[in-house]
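A quick write-up on the structure given underneath.
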There are 2 protein chains.
Amino acid sequence: MSTPPTLPAFRPLYDQIRALLIQSLESGEWKPGEAIPPEPDLAARFGVSQGTVRKAIDALAADNLLLRRQGKGTFVASHAGPDHRHRFLRIVPDEGPKVAPVSTLIDLVRDKVSGPVARALQLRPGSSVIRFRRLLAFAGRPLVLDEMVLPATQFPRLTLERLAEHTGSIYAFYEEAYGVRMIRAEERLRSVAAEAEPARRLGVEPGSPLLCVDRTAYTYGNVPVEWRRGLCLTDGYGYFNELA
Amino acid sequence: MSTPPTLPAFRPLYDQIRALLIQSLESGEWKPGEAIPPEPDLAARFGVSQGTVRKAIDALAADNLLLRRQGKGTFVASHAGPDHRHRFLRIVPDEGPKVAPVSTLIDLVRDKVSGPVARALQLRPGSSVIRFRRLLAFAGRPLVLDEMVLPATQFPRLTLERLAEHTGSIYAFYEEAYGVRMIRAEERLRSVAAEAEPARRLGVEPGSPLLCVDRTAYTYGNVPVEWRRGLCLTDGYGYFNELA
DNA sequence: GAGTGGTCTAGACCACCCC
DNA sequence: GGGTGGTCTAGACCACTCT
């Protein structure tokens with residue numbers, strides 16, 4: 001009678017090890033860019049075979065949390081690393097190789113959050129957030145106007161100056177300055193007509209079609225930490241995606 | 001002196017087995033939806049251990065070429081399968097659960113290919129292609145105008161009637177009627193102003209912003225087989241993407 | 001040469017599905 | 001209960017990197 005209905009609750013060992021490894025990553029035991037201990041050491045530490053540790057590490061490497069390098073070791077992924085510098089950037093030229101953009105900061109304000117952004121960040125409406133904007137230029141042409149929204153509590157004393165000091169991607173900055181590591185993100189794309197200000201900043205007529213990219217980015221445990229909206233001029237450039 | 005420069009050429013066994021499995025898939029030895037032989041049988045057939053076969057199958061399952069089902073077997077993935085019915089469709093409503101679209105065919109013509117489409121399909125300019133169009137309606141509203149381009153040689157005697165007979169996704173149709181299996185696709189998104197005809201078909205004013213999705217879809221061996229352009233009205237709907 | 005991840009094997013046992 | 005994929009182990013050996 002009181003038996004709970006169907007509780008399978010079988011969890012493979014490697015998956016439990018995986019969770020323990022994530023804990024160590026989250027707690028900062030191993031920092032971005034650093035190597036984690038060799039597999040035999042981890043196997044001893046957790047009291048399992050090396051094969052089981054391998055399977056856990058494989059899963060984390062597939063999720064881009066770790067980076068395996070044969071002969072050298074296994075490293076904590078970092079947005080500062082050469083491979084991940086613009087890991088989430090999908091804007092590429094129609095022809096020719098991928099181009100690295102140049103970022104120009106515009107402004108930063110403190111604000112109260114509401115509506116869909118509050119929902120995306122799982123904040124109560126009225127919570128304090130920081131909003132800042134930037135312009136991304138590709139090959140000298142301003143193509144993307146980005147606005148970021150962050151929970152104020154997790155980014156104390158953030159200023160335009162501190163952002164400007166940092167060379168490198170924004171996620172590398174979050175990582176180094178606040179220990180916030182972005183793991184994955186969800187994007188939703190629409191087509192919109194340019195309002196007056198974005199049009200001016202991107203150098204097009206108001207009403208021109210722009211690609212609107214709304215993103216929610218998550219840290220460990222699927223906790224949302226950043227919402228952003230990008231307005232992109234897709235002229236000679238496009239948002240590239242691979243479907244499998 | 002005459003030694004060729006650095007030819008590592010080491011290829012793991014499981015990767016060779018993987019290639020052999022793909023051959024069997026491509027040759028039609030195992031058809032979409034069917035089960036492939038059990039792992040111990042394959043291990044015996046290829047003269048390797050079951051673990052090695054597992055690793056090969058794992059790789060193919062990760063690429064969505066095979067589907068593992070514990071206790072039942074390993075199956076050849078099919079666009080007709082319930083899980084893969086709209087595997088490549090990324091248009092989802094802003095709120096609420098994913099909606100299955102209803103397709104209405106418009107027309108089909110034979111044509112000569114040129115320009116970027118020829119390049120995408122790796123065809124000589126002037127080669128014969130089939131072009132057909134359809135309208136996709138979500139919850140009763142027409143939201144996507146699609147145009148598909150196919151190499152004529154691979155789709156003999158294709159007519160609107162044959163397309164209309166088939167209930168299910170277009171890729172399921174290719175699979176069942178022509179044995180052409182779509183494995184992966186690349187998409188490039190832009191924002192465009194609606195031309196007169198798409199505007200009429202989607203029920204918006206000419207010049208309205210539309211999401212333009214260009215796709216090249218590939219079969220085994222990265223051979224392109226279909227090019228398509230979708231013009232999407234992103235009103236209450238969006239193109240969803242996950243970044244990892 | 002030492003240390004790291006990568007491959008491959010053989011075998012035991014477990015979880016799931018269907019008869 | 002028999003068949004399938006899934007987990008876990010232990011050990012041998014290979015490939016890559018750096019010293």
Side-chain angles (χ1 to χ4, degrees), chain A residues 4-21 24-25 30 33-78 81-83, chain B residues 4-21 24-25 30 33-78 81-83:
Chain A
T6 61
L7 204 81
F10 164 71
R11 201 175 173 204
L13 239 191
Y14 71 84
D15 199 49
Q16 301 175 41
I17 304 299
R18 181 177 153 279
L20 292 173
L21 291 173
S24 291
L25 288 169
W30 311 311
E34 289 181 5
I36 71 172
E39 293 176 1
D41 293 15
L42 291 171
R45 164 165 165 184
F46 296 126
V48 299
S49 79
Q50 184 175 345
T52 300
V53 169
R54 276 191 76 71
K55 203 161 177 182
I57 293 180
D58 281 345
L60 294 174
D63 287 345
N64 286 311
L65 295 191
L66 295 176
L67 206 88
R68 318 196 72 143
R69 287 204 268 163
Q70 179 170 156
K72 301 188 70 172
T74 299
F75 298 80
V76 182
S78 162
D83 312 329
Chain B
T6 61
L7 204 81
F10 165 71
R11 201 175 175 203
L13 238 192
Y14 72 82
D15 200 48
Q16 301 175 41
I17 304 297
R18 181 177 152 278
L20 291 173
L21 291 172
S24 290
L25 288 169
W30 311 311
E34 289 181 4
I36 71 172
E39 291 175 3
D41 293 16
L42 290 171
R45 164 164 162 183
F46 296 126
V48 299
S49 79
Q50 184 174 346
T52 301
V53 168
R54 276 191 76 72
K55 203 161 178 183
I57 292 179
D58 282 344
L60 293 174
D63 287 346
N64 286 310
L65 295 190
L66 295 176
L67 207 92
R68 316 195 75 141
R69 287 204 269 163
Q70 179 172 157
K72 301 189 69 173
T74 299
F75 298 80
V76 181
S78 162
D83 312 330

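The sequence lines fix the lettering, A, B, ..., with proteins before strands; numbering per chain opens at 1.
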| message | Taking 4.0 Å as the cut-off, does a side-chain nitrogen or oxygen of B:Tyr14 come that near to OP1 or OP2 on C:dC8? | response | no

| note | To the nearest 0.5 Å, atom CG of A:Leu67 lies from atom CG of A:Leu60 at 12.0 Å

| Sub-4.0 Å heavy-atom contacts from residues 34-48 of chain A onto DNA chain D, ordered by number | A:Val48

| Atom CZ of B:Arg54 and atom C1' of D:dT4: how far apart are they, to the nearest Å? | 10 Å

| query | Think B:Thr74 has a side-chain N or O under 4.0 angstrom from the OP1 or OP2 of D:dT4? | reply | no

| request: Determine whether A:Leu42 and A:Val48 make a side-chain contact, defined as any pair of heavy atoms from C-beta on separated by less than 4.5 Å. | output: no

| field | Whole angstrom value for the distance that separates C1' of D:dT17 from CZ of A:Arg69 | value | 10 Å

| query | Can the positive tip of A:Arg69 be found less than 6.0 Å from the middle of the six-membered ring of A:Phe75, inside 45° of the ring normal? | reply | yes

| Under 4.0 Å between a side-chain N or O of B:Lys72 and OP1 or OP2 of D:dG5? | no

| said: Output the rounded distance in Å from CD (A:Gln70) to P (D:dC14). | reply: 14 Å

| Tell me: CD of A:Gln16 to P of D:dT7, nearest whole Å? | 12 Å

| CH2-OG1 distance between A:Trp30 and A:Thr74, expressed to the nearest 0.5 angstrom | 10.0 Å

| Roughly how many Å is it from CG in A:Asp15 to C1' in D:dC8, rounded to a whole number? | 14 Å

| message | Without decimals, in angstroms, what is the distance between A:Phe10 CZ and D:dG6 C1'? | response | 8 Å

| message | Distance check needed: D:dG6 C1' versus A:Arg11 CZ, whole Å only. | response | 16 Å

| request: Go through residues 57-68 of chain A and report each residue with a non-hydrogen atom lying under 4.0 Å from DNA chain C, sorted by number. | output: A:Arg68

| Would you say the side-chain atoms of A:Glu39 pair up with the backbone N or O of A:Arg54, donor to acceptor, closer than 3.5 Å? | no

| query | Can you check whether B:Thr52 has a side-chain N or O nearer than 4.0 Å to OP1 or OP2 of C:dT9? | reply | yes

| said: Rounded to whole Å, please give me the gap between NZ in A:Lys55 and C1' in D:dG6. | reply: 6 Å

| task | Would you mind checking if A:Lys55 and A:Asp15 are paired as a salt bridge, meaning a charged N to carboxylate O distance below 4.0 Å? | result | no

| query | Rounded to the nearest 0.5 Å, what separation is found between the CZ atom of B:Phe46 and the CG atom of B:Asp41? | reply | 11.0 Å

